[in-house]
Amino acid sequence: MIEFDEFDSLGKFLTKLKVENLTEEYESLAKEGRYTRDDVIRYYKEDLEPSLTKELDEKELEEVVDYYNDIKKIKSLSIKDLNSKLNLYAETRSDELKTEIINSKLKDIFHMALNYFSSHKDLNIQDVVQTANLGLFEAVEKYDAKAKLDFNDYIIYYVRKNLKKEFEEKNNG
C-alpha cells in the first residue's frame, strides 16, 4: 500500500479537500500508469515548492470539492482499455470515444491543476482546472499510437503547455 507523506503538496491539497482514503488516491494514480509513489510525489513537486499561505476562500473550496466529487464518480479505464479506445478513436474520431477517454483522465488532470494552482495562488482555481482540461482535449486529438509514447506523456506535455501559455506567458508578456 502506498502511504502519503503529510508534507507533500498533493497530500495537503487532498487533505484540505477532505478527500477520504488518501492512500487509495495515490494507489489509483500508481495503478493507472507506470507511477510509483515516489514518481507521483516527484511529479507533483517537480520544480515547485508550493506555498500554502493563501487559502482558498470558502466559495472556491466548495466549488472545487463539488467538482472533485463529480469526477471521482467516473470510472477510470485500465491501461489496456484506454489504449484500445485511443487506437479506435484515431480511426473513427468518434465523439463518444473521445468523451469516454477524457472522462477517464479527469481525476489526473484535476490533481495536476491543483498542483499548478498551489504555486500560482494569484490565479482562479476554476480557470486553472479548465485550462488543464483543454490540455487533455489536445492530448487526445494529437495522440499518435505509432509514436510508441505513453498517453500519459502526451497529457503531461499538453496540460503543462496550455497552463504555461495561458498563465505564465500572459503574465510575462
Side-chain angles (χ1 to χ4, degrees), residues 2 4 8-10 13-14 19 24-48 50 64 67-120 123-173:
I2 300 170
F4 79 98
D8 72 68
S9 61
L10 179 59
F13 262 102
L14 293 175
V19 174
E24 288 178 21
E25 291 298 322
Y26 283 113
E27 284 184 86
S28 71
L29 287 173
K31 286 177 184 173
E32 288 175 12
R34 58 196 190 312
Y35 303 112
T36 65
R37 179 195 177 279
D38 290 339
D39 291 333
V40 172
I41 300 303
R42 188 172 31 259
Y43 171 75
Y44 283 106
K45 285 187 165 183
E46 184 177 312
D47 299 324
L48 302 173
V64 169
Y67 178 73
Y68 181 77
N69 286 332
D70 288 342
I71 64 172
K72 78 177 186 180
K73 295 174 188 171
I74 300 171
K75 182 181 181 267
S76 294
L77 297 171
S78 69
I79 294 171
K80 182 179 177 183
D81 288 343
L82 178 64
N83 288 333
S84 173
K85 290 183 187 292
L86 282 164
N87 289 331
L88 188 57
Y89 175 74
E91 295 171 14
T92 64
R93 292 297 184 193
S94 161
D95 288 338
E96 185 178 307
L97 279 172
K98 182 178 182 180
T99 300
E100 192 173 350
I101 293 164
I102 288 169
N103 285 343
S104 76
K105 290 301 201 176
L106 285 176
K107 281 189 276 188
D108 296 342
I109 300 307
F110 179 73
H111 293 300
M112 290 173 70
L114 280 182
N115 184 60
Y116 186 85
F117 175 76
S118 72
S119 58
H120 298 84
L123 303 175
N124 178 295
I125 183 67
Q126 293 167 326
D127 291 344
V128 173
V129 170
Q130 191 64 27
T131 301
N133 285 343
L134 291 174
L136 174 60
F137 296 142
E138 193 172 353
V140 172
E141 287 296 318
K142 305 249 173 141
Y143 179 71
D144 180 7
K146 295 174 190 160
K148 304 284 186 205
L149 292 174
D150 185 65
F151 181 58
N152 288 325
D153 294 335
Y154 276 79
I155 292 172
I156 291 167
Y157 173 77
Y158 286 106
V159 168
R160 286 182 177 175
K161 179 184 136 210
N162 278 10
L163 290 170
K164 183 175 183 174
K165 180 179 177 185
E166 181 67 23
F167 300 115
E168 294 174 20
E169 290 179 2
K170 280 186 179 179
N171 291 338
N172 294 333

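- Separation of atoms CD1 (Ile109) and CG (Leu134) is listed at 10.5 Å; rounding is to 0.5 Å.
- With hydrogens and angles ignored, the 3.5 Å screen pairs a side-chain donor or acceptor of Thr99 with a backbone N or O of Asp95.
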Practice task
Test Leu163 against His120 for side chain to side chain contact (heavy atoms under 4.5 Å, CB included), laying out the working first.
Solution key: CA-CA 11 Å; Leu163 290 170; His120 298 84; over 6 Å; no

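- Here CG of Asn124 is found 11.0 Å from CD of Gln130. Values are rounded to the nearest 0.5 Å.
- When every heavy atom of Asn87 is checked against every heavy atom of Ala145, the shortest pair comes out as OD1-CB, 3.0 Å.
- The aromatic rings of Phe167 and Tyr116 are tilted relative to each other, their planes meeting at an angle between 30° and 60°.
- When all heavy atoms of Leu136 and Ile102 are compared, the pair lying nearest together is CD2-O, 3.5 Å.
- Scanning both residues, Ala113 and Ile125, for their nearest heavy atoms gives O-CD1, 4.5 Å.
- Distance CG/Asp108 to CG/Asn152: 6.5 Å, rounded to 0.5 Å.
- Taking the six-membered ring where tryptophan is involved, the planes of Tyr143 and Tyr154 are perpendicular, since the angle between them exceeds 60° and thus also 30°.
- The CG atom of Leu86 sits 10.5 Å away from the CD atom of Glu100 when rounded to the nearest 0.5 Å.
- Distance check: Phe151 CZ to Asn83 CG gives 9.5 Å after rounding to the nearest 0.5 Å.
- Looking at every heavy atom in both residues, Val159 comes nearest to Ala132 through CG2-O, 3.4 Å.
- Proximity of Lys105 to Leu82: side-chain heavy atoms (C-beta onward) are separated by under 4.5 Å at one or more points.
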Problem - Stepwise side chain to side chain contact (heavy atoms under 4.5 Å, CB included) test for Tyr68 and His111 - result: CA-CA 10 Å; Tyr68 181 77; His111 293 300; 4.1 Å; yes

Problem - Intermediate values then yes/no, side chain to side chain contact (heavy atoms under 4.5 Å, CB included), Val128 and Thr131 - result: CA-CA 5 Å; Val128 173; Thr131 301; 5.9 Å; no

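- Across all non-hydrogen atoms, the minimal contact from Ile101 to Val140 is CG2-CG2, 3.8 Å.
- Counting only heavy atoms from C-beta outward, the side chains of Phe137 and Asn162 never approach each other to under 4.5 Å.
- The two residues Lys72 and Lys107 make their nearest non-hydrogen contact at CA-CD, 3.7 Å.
- Between the CG atom of Leu97 and the CD atom of Glu91 there is a distance of 10.0 Å, given to the nearest 0.5 Å.
- A donor-acceptor contact closer than 3.5 angstrom is absent between the side chains of Glu96 and Tyr89.
- When the salt bridge (Lys or Arg N to Asp or Glu O under 4.0 Å) test is applied to Glu138, the partners found at least two apart in sequence or on another chain are Lys142, Lys161.
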